[in-house]
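Here's the structure we're looking at; comments come further down.
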Amino acid sequence: MSDMCDATGLRGYFKAYADVQFEFEPASGTIWGYMNQRGNPCFNLGLLKDLRAFGGDLTANSGHVEFEGSMHKAHYYVAGSRVPGVYNLGGDLGLFLLLIRSRDRDALAHYAKLCVDNIHARVQNYFCPNLTTISLVQGDALGGGFETALSSDVLVAEESAVMGLPEILFNLFPGMGAYSLLSRRIGMRATEELILSGKLLSASKLHEMGVVDVLAKEGQGEAAVQDWIAKNARRRSGFQAVMRVRQQVNPVTREELDAVVDTWVDCALRLEDRDLRMMSRVVRAQMERMEAAAGRSAPAPEAAPVAGVAMAAG
């Protein structure tokens with residue numbers, strides 16, 4: 001076994017924000033980022049701004065991070081979550097409701113553009129040509145959470161993970177990259193069928209479809225990422241070049257993402273009262289789920305079902 005493999009897993013914290021913390025593994029040059037929101041595990045404004053700030057620093061430092069007093073080159077950036085059973089539930093529906101009801105188009109567009117700031121930066125590997133991005137999904141990735149998972153070069157998911165785009169249930173669609181990213185993996189027809197069905201799919205099914213790249217056993221997601229990195233270490237340069245060619249041949253441009261966002265804002269502002277009532281029910285379901293999960297930290301009744309009640313928008 002190589003020295004890199006021997007040392008894999010030895011890492012420490014190097015930067016922390018309110019809702020996301022970062023660790024660095026110097027042996028493999030891997031950044032491990034973990035979302036860990038207080039309350040509803042969605043993309044609140046604070047999390048979006050913190051992720052953008054970290055990504056901006058990574059770009060400014062040409063893919064290097066400061067760890068234990070010196071600068072280290074990052075070869076991989078893994079995006080995961082420390083919220084039990086949840087990767088991310090997507091857009092901040094409570095904020096959506098407030099902005100839609102107040103007809104605040106500018107604020108709604110600002111939120112959406114901030115989401116796209118993060119998606120586009122990750123699709124572009126933070127403008128660091130030697131950086132590989134990896135999504136580690138352990139739990140539910142819904143709406144914008146699924147979009148974020150799709151924005152990486154490699155998508156690793158545990159078998160129990162559930163992903164989907166349920167926005168159609170309240171007459172909306174996922175507007176922060178889902179169509180662009182999914183259609184490049186599975187084609188336009190399959191993408192539209194998935195978006196319009198609102199179905200939540202297992203990681204196993206998505207692996208069969210070619211959406212999930214690596215399917216990991218329950219609880220073995222981090223080990224699967226480390227194994228993938230170790231196995232691909234010798235061909236890292238070639239893999240990264242192929243990822244760049246992917247963008248050259250079939251680019252996801254900022255102009256495309258912004259145009260879709262404008263359509264999403266228009267659609268959101270056309271929602272009727274019945275649609276907003278459904279969105280409100282989803283918000284309540286999300287909060288009840290998280291309250292139940294918090295209660296289960298002590299002896300409690302049986303766990304509620306994972307999928308079907310915690311839906312999100314992107």
Side-chain angles (χ1 to χ4, degrees), residues 37 39-48 86-119 140-150 162-183 188-201 256-292 304-314:
Q37 303 95 312
N40 195 4
C42 66
F43 280 112
N44 60 62
L45 283 169
L47 175 61
L48 289 169
V86 177
Y87 178 75
N88 193 289
L89 299 183
D92 188 340
L93 298 186
L95 179 62
F96 292 177
L97 283 165
L98 177 66
L99 298 180
I100 292 169
R101 284 172 171 155
S102 64
R103 315 303 296 170
D104 194 338
R105 181 186 180 87
D106 289 343
L108 197 60
H110 173 75
Y111 175 94
K113 299 286 186 179
L114 187 54
C115 291
V116 169
D117 285 345
N118 281 287
I119 291 286
D140 293 356
L142 307 179
F146 190 19
E147 289 172 311
T148 300
L150 290 166
V162 174
M163 288 168 262
L165 302 164
E167 291 87 345
I168 198 67
L169 297 179
F170 38 84
N171 209 15
L172 199 54
F173 76 98
M176 288 69 159
Y179 197 110
S180 299
L181 298 167
L182 261 181
S183 63
M188 296 174 68
R189 181 181 293 275
T191 294
E192 291 174 6
E193 288 176 353
L194 184 56
I195 290 173
L196 292 172
S197 73
K199 289 181 179 178
L200 308 185
L201 301 179
E256 176 181 324
L257 294 171
D258 283 341
V260 174
V261 158
D262 289 341
T263 300
W264 180 86
V265 172
D266 290 339
C267 184
L269 291 173
R270 290 197 302 269
L271 294 183
E272 300 177 357
D273 285 344
R274 63 181 180 182
D275 305 318
L276 298 179
R277 287 195 296 271
M278 173 60 78
M279 193 182 291
S280 295
R281 287 197 288 272
V282 172
V283 173
R284 287 196 299 272
Q286 289 178 345
M287 297 308 299
E288 288 168 3
R289 172 185 174 174
M290 299 316 299
E291 289 169 2
V306 170
V309 294
M311 292 172 270

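From a predicted model like this one, the values you see are computed outputs, not experimental measurements.
- Note that CZ of Phe170 and CZ of Arg281 are 11.5 Å apart. Values are rounded to the nearest 0.5 Å.
- The environment of Met188 atom CE is sparse: at most 12 non-hydrogen atoms of other residues, nucleotides or ligands sit within 6.0 angstrom.
- No side-chain heavy atom of Leu169 sits less than 4.5 Å from a side-chain heavy atom of Val282.
- Considering every non-hydrogen atom in both Gly94 and Val283, the closest pair reads N-CG2, 3.9 Å.
- Between Phe146 and Ala141, the shortest heavy-atom contact is CB-O, 3.4 Å.
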After noting the C-alpha distance and the side-chain angles of Leu47 and Asn88, does the key distance pass the side-chain contact (heavy atoms from CB on, under 4.5 Å) rule? CA-CA 11 Å; Leu47 175 61; Asn88 193 289; 4.0 Å; yes

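- Smallest separation of non-hydrogen atoms from Met176 and Cys115: CG-CB, 3.5 Å.
- To the nearest 0.5 Å, the span separating CZ on Phe43 from CD1 on Ile119 amounts to 7.0 Å.
- At least one side-chain heavy atom of Asp140 sits less than 4.5 Å from a side-chain heavy atom of Arg289.
- Judged by distance alone, the side chain of Ser197 and the main-chain N or O of Leu194 form a donor-acceptor pair under 3.5 Å.
- Distance check: Leu142 CG to Glu167 CD gives 8.5 Å after rounding to the nearest 0.5 Å.
- In this structure, Glu147 and Gly177 approach most closely via the heavy-atom pair OE2-N, 3.2 Å.
- Here the side chains of Asp92 and Leu45 are not in contact, with every heavy-atom distance at 4.5 Å or above.
- Two residues are said to be in side-chain contact when any heavy atoms from C-beta on lie closer than 4.5 Å; Leu172 and Trp264 meet this criterion.
- Note: Phe96 and Tyr111 meet the aromatic proximity criterion, with ring centroids under 6.0 Å apart.
- Gln37 places a side-chain N or O within donor-acceptor distance of the main-chain N or O of Cys42, the cut-off being under 3.5 Å.
- Using a cutoff of 4.0 Å between basic side-chain nitrogens and carboxylate oxygens, Asp262 and Arg105 are not scored as salt-bridged.
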Pairs of donor and acceptor atoms involving the side chains of residues 271-279, under 3.5 Å and at least two apart or interchain, shall be tabulated with distances.
unit_1 : atom_1 : unit_2 : atom_2 : d
Asp275 : OD2    : Asn171 : ND2    : 3.4
Asp275 : OD2    : Glu272 : N      : 2.9

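- Side-chain contact between Thr148 and Asn118 is absent, with no heavy-atom pair separated by less than 4.5 Å.
- Interatomic distance, CG of Leu108 versus CD1 of Ile100, reported as 5.5 Å (0.5 Å rounding).
- Thr191 and Tyr179 get closest at one heavy-atom pair: CG2-CA, 3.9 Å.
- Here the closest non-hydrogen pair linking Pro166 and Gly143 is CD-N, 3.9 Å.
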